[in-house]
Engineer: 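Encoded as structure tokens, here's the structure I'll be asking about.
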Amino acid sequence: MDEKHLPNTEGPRRPTSKPRSFWKYFTAGALFWFAVWKLTSHVSWRSHLCHHDGLVRYSGESISWKACGDLNGRELECSELEVPMDQFNPENSGNKTFTLPLIRLRGKDATQNILLNPGGPGGSGIEFLFRRGESLNAIVGEGFHLLSFDPRGVNGSKPLASCYPDKEAKRDLSAVRSDKVIEDSAEAFAWSQNYVKACQETMGEHGKYINTPQTAADMNSILDAVGQQDMIYWGFSYGTILGQTYASLFPERSERVIIDGVANNFDWFENNFDLEALADTENVLLGFFDECIKAGKNCTLSSLAKSKESLRDKVLSSVDKLSEPVSVYVNNTVYGLLNREKVLFNGIFPALYKPTLWYELADRLEKLINGNATEAFLSYAQGPAWGQLGDALMFITMNDGTAGPEHWPKDRDTMLDNLVPYMNQSMFSPSMNGEYYIKQHWSIPKTHTFVQKMGVKTAHPLLILSTTYDPVCPLLSARSANAAFEGSQIIEVRGYGHCSISVPSACLAKHVREFLYNGTVPANYTQCDADGPYFIKPEEDGKISAMMHFDDPEEQRIHRAQLEIAQDPTWPLW
């Protein structure tokens, strides 16, 4: 391997951390999820632990933990960690820091932690473990503590990335129309100029250091705080950007790194447009119609056509008619308009992420086509789940890549000329239209020089997971990561959906455990089958209890856990 292709790991100073009192951790976001999940706060700790004022410190760790609830009887513990504002240059930090909330679900037989990132950017690791910790524990097994965190700028971290001084300002100032590429261009262009000024003013100096390389360095601070040398990591969606960045900056600590639902790290940091992201989106959509026809009476849409192509054309032509919005009235407090963009971007597009949502999508579309728009309005009029990511999404995206006047034209007409060809690549591209005007005007200076290199040799090869057809992180991007990291290997789940966990697969679960516990990387490109059909009618509670039966109780438990994750409409996010 030619040395010039190796990432520069000599420059960054070893990340440091300063633990702080746990009590400052309790943010409004964390308290919300505590209430939602009705979490308890009384836990009996093992006798060999050090107790002080309700805090617990484990041997070899430099931070204290406090009980913060349970998941079906499994104890959760929370802490927080203070990290320098600039991990790579202490002089820039001065006395400025970020505070990161931590959460852990301890494995019964564990001596090491696996660090988890749910995606986004802007996804909360705290909320993630509350929602999916029990399921992930079943898949990973008891040999690892599940450890997650809110990255700098995200959710309960402090300071929180925000472009508004308070909730009232966000409510009054954040509305902008951008879904229609031509018609909304002037509004998106003008609004973005004010938005980026507000981002810079609200965050001040901290705003420059909310980026992926800094978060990668923060993960070393977390490892150091829990007394662990080797990085054991599973990152989903944007978490694959973070995972690739970490493995490139700190290859010597990258002992077990899994990236799942892979984004192209070369495009993320160096190109104006993510040219691969939507490469397979229409293929997933066609797969939805194909599986619907195969499902017959289990898919209500199947009665409308005899082939996947004719069904696609019929549904999309009906959706296009909503260019003239329809009014929907439920009662005097619930009514409004349903249009093409709401159905396409808030309904169909997010459902492509999770095939277990396809039954309900088909049912709503069939009713819509036959004149009943109520269910589609109630489900799709308010916006997609990724609207919950907040301003951290923009800070991280803009600070990582090619944002600002150095990379984009200054005027609107030229900008529109640049945007239109890209927006025409996919019917779903306009859902991202507004982001590019923010990129055009972004005024916070870039504070890192990281770009992805080829030929990265890590302490142990990476495991790369993907479905055959991912609507936002295509298999093509997984191949780019495979080429960048020596010895890495891809496992493809033959099917549709975002990340390998979008469909249950016992084969995939076995490979994940073999990698985590034994370091086993398949010798060759490997494919796994998805377990069960795509169209199953949910039970009365809206859930699917099982797609397949396994004689082994542990395999059945893993199958149910995978299915629970596959049915979660809010994760993973991109």
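Since the structure is predicted, the reported quantities are computational estimates derived from the model, not experimental observations.
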Engineer: Which atom pair, heavy atoms only, marks the closest approach of T402 to F269?
Structural biologist: CG2-O, 4.1 Å

Engineer: Counting only N and O atoms by type, is there a donor-acceptor contact under 3.5 Å from the side chain of E187 to the main-chain atoms of R177?
Structural biologist: yes

Engineer: Specify the closest pair of heavy atoms between A392 and V154, including all atoms of both residues, with the distance to one decimal.
Structural biologist: CB-CG2, 3.8 Å

Engineer: Between R560 and E564 (salt bridge meaning N to carboxylate O under 4.0 Å), is one present in this structure?
Structural biologist: no

Engineer: Do D260 and S500 have side-chain atoms, one donor and one acceptor, less than 3.5 Å apart?
Structural biologist: yes

Engineer: Would the distance check show the side chain of S192 and the main-chain N or O of F189 forming a donor-acceptor pair, the cut-off being under 3.5 Å?
Structural biologist: no

Engineer: Will you find, in the side chains of Y437 and S185, an N or O donor that is under 3.5 Å from an N or O acceptor?
Structural biologist: yes

Engineer: Kindly assign one of parallel, tilted or perpendicular to the pair F288 and W358, based on the angle between their ring planes and the thresholds 30° and 60°.
Structural biologist: perpendicular

Engineer: For D568 and K354, what are the C-alpha separation, side-chain angles and deciding distance, and is it a salt bridge (Lys or Arg N to Asp or Glu O under 4.0 Å)?
Structural biologist: CA-CA 8 Å; D568 186 342; K354 290 292 186 78; 5.4 Å; no

Engineer: With a 4.5 Å heavy-atom cut-off, do D280 and P471 have their side chains touching?
Structural biologist: no

Engineer: How long is the gap from CG on N424 to OG on S429, to the nearest 0.5 Å?
Structural biologist: 8.0 Å

Engineer: Is a side-chain donor-acceptor pair under 3.5 Å present for Q567 with T356?
Structural biologist: no

Engineer: Report yes or no: do N211 and N399 form a side-chain donor-acceptor pair below 3.5 Å?
Structural biologist: no

Engineer: Are R494 and C528 close enough that some pair of their side-chain heavy atoms sits under 4.5 Å apart?
Structural biologist: no

Engineer: Could you verify whether a donor N or O on one side chain and an acceptor N or O on the other, from S505 and D531, lie under 3.5 Å apart?
Structural biologist: no

Engineer: Indicate whether any N or O donor in one side chain lies under 3.5 Å from an N or O acceptor in the other, for D411 and T414.
Structural biologist: yes

Engineer: One pair to check against side chain to side chain contact (heavy atoms under 4.5 Å, CB included): F289 and E309. What are the steps and the verdict?
Structural biologist: CA-CA 8 Å; F289 294 118; E309 291 85 4; over 6 Å; no

Engineer: Give me the atom names and distance for the closest heavy-atom approach of S310 to A305.
Structural biologist: OG-CB, 3.3 Å

Engineer: Which heavy atom of A188 sits nearest to which heavy atom of V176, and what is that distance?
Structural biologist: CA-CG2, 4.1 Å

Engineer: Side chains of Y380 and I348, heavy atoms from C-beta outward: is any pair under 4.5 Å?
Structural biologist: no

Engineer: Any donor-acceptor pair under 3.5 Å linking the side-chain atoms of Y422 with those of N433?
Structural biologist: no

Engineer: Are any non-hydrogen side-chain atoms of M432 and L278 less than 4.5 angstrom apart?
Structural biologist: yes

Engineer: Would you call V343 and L365 a side-chain contact if the rule is heavy atoms closer than 4.5 Å?
Structural biologist: yes

Engineer: Show every disulfide (SG to SG under 2.5 Å) that has at least one partner inside residues 277-316, sequence neighbours left out.
Structural biologist: C292-C299

Engineer: Just checking E183: does its CD atom have more than 12 heavy atoms from other residues, nucleotides or ligands closer to it than 6.0 angstrom?
Structural biologist: yes

Engineer: Any chance you could lay out the ring pair (Phe, Tyr, Trp, His ring centres under 6.0 Å) test for F535 and Y359, step after step, and finish with the verdict?
Structural biologist: CA-CA 5 Å; F535 281 86; Y359 180 93; 7.1 Å; no

Engineer: Determine whether the aromatic ring centres of residues W442 and F395 are separated by less than 6.0 angstrom.
Structural biologist: yes

Engineer: Work out which heavy atom in P151 is nearest to a heavy atom in S157; give both atom names and the distance.
Structural biologist: O-OG, 3.2 Å

Engineer: Over 60° means perpendicular and under 30° means parallel, so classify the ring planes of F349 and Y353, tilted if in between.
Structural biologist: perpendicular

Engineer: For E291, is there an ion pair with K294 - N to carboxylate O distance below 4.0 angstrom?
Structural biologist: yes

Engineer: Would you indicate whether the side-chain heavy atoms of P504 and M547 approach each other to under 4.5 Å?
Structural biologist: yes

Engineer: Decide ring pair (Phe, Tyr, Trp, His ring centres under 6.0 Å) for Y209 and F98; before the verdict, give the C-alpha distance in whole Å, the side-chain angles of both, and the deciding distance to 0.1 Å.
Structural biologist: CA-CA 10 Å; Y209 299 99; F98 284 93; 8.0 Å; no

Engineer: Please report the shortest heavy-atom distance between A376 and L338, naming the atom on each side.
Structural biologist: CB-CD2, 3.9 Å

Engineer: Assess whether atom CD of E324 is packed by more than 12 heavy atoms of other residues, nucleotides or ligands within 6.0 Å.
Structural biologist: no

Engineer: Is E201 atom CD crowded by more than 12 heavy atoms from other residues, nucleotides or ligands, each under 6.0 Å away?
Structural biologist: no

Engineer: Does S237 reach the side chain of H498, with side-chain heavy atoms less than 4.5 Å apart?
Structural biologist: yes

Engineer: Establish, yes or no, whether a centroid distance under 6.0 Å links the rings of F273 and W408.
Structural biologist: yes

Engineer: What disulfide (SG to SG under 2.5 Å) pairs are there with at least one residue in residues 150-182, not counting sequence neighbours?
Structural biologist: C163-C199

Engineer: Hey, are D363 and K367 close enough for a salt bridge, meaning a charged N less than 4.0 Å from a carboxylate O?
Structural biologist: yes

Engineer: Hey, mind stepping through V262 and L465 against side chain to side chain contact (heavy atoms under 4.5 Å, CB included) and telling me if it holds?
Structural biologist: CA-CA 7 Å; V262 182; L465 309 181; over 6 Å; no

Engineer: Compare all side-chain heavy atoms of L475 with those of D470 and state whether any distance is below 4.5 angstrom.
Structural biologist: no

Engineer: Roughly how far apart are L146 CG and I139 CD1, rounded to 0.5 Å?
Structural biologist: 10.0 Å

Engineer: Would S426 and E282 count as having a side-chain donor-acceptor pair, cut-off 3.5 Å?
Structural biologist: yes

Engineer: Between H441 and Y195 (judged by ring centroids, cut-off 6.0 Å), do the two rings come close enough to count as a pair?
Structural biologist: no

Engineer: Look only at the side chain of Q244 and the backbone of T240, and say whether a donor-acceptor pair between them is shorter than 3.5 Å.
Structural biologist: yes

Engineer: Looking just at side-chain N and O atoms, do N272 and H407 make a donor-acceptor pair shorter than 3.5 Å?
Structural biologist: no

Engineer: Under the side chain to side chain contact (heavy atoms under 4.5 Å, CB included) rule, what do I210 and I396 come out as? Steps first, then yes or no, please.
Structural biologist: CA-CA 6 Å; I210 300 173; I396 296 167; 3.8 Å; yes

Engineer: Thinking salt bridges, do R131 and E127 make one under a 4.0 Å N-O criterion?
Structural biologist: yes

Engineer: Begin from the C-alpha positions of V328 and L337 and carry the test side chain to side chain contact (heavy atoms under 4.5 Å, CB included) through to its verdict.
Structural biologist: CA-CA 6 Å; V328 180; L337 301 179; over 6 Å; no

Engineer: Does either side chain, that of D274 or that of W268, offer a donor lying less than 3.5 Å from an acceptor on the other one?
Structural biologist: no

Engineer: Do Y238 and T212 pair up side chain to side chain, a donor and an acceptor below 3.5 Å, judged on atom types alone?
Structural biologist: yes

Engineer: Ignoring hydrogens and geometry beyond distance, is a side-chain donor-acceptor pair present between N264 and S477 at under 3.5 Å?
Structural biologist: no

Engineer: Quick one: do the D150 and S124 side chains pair a donor with an acceptor below 3.5 Å?
Structural biologist: yes

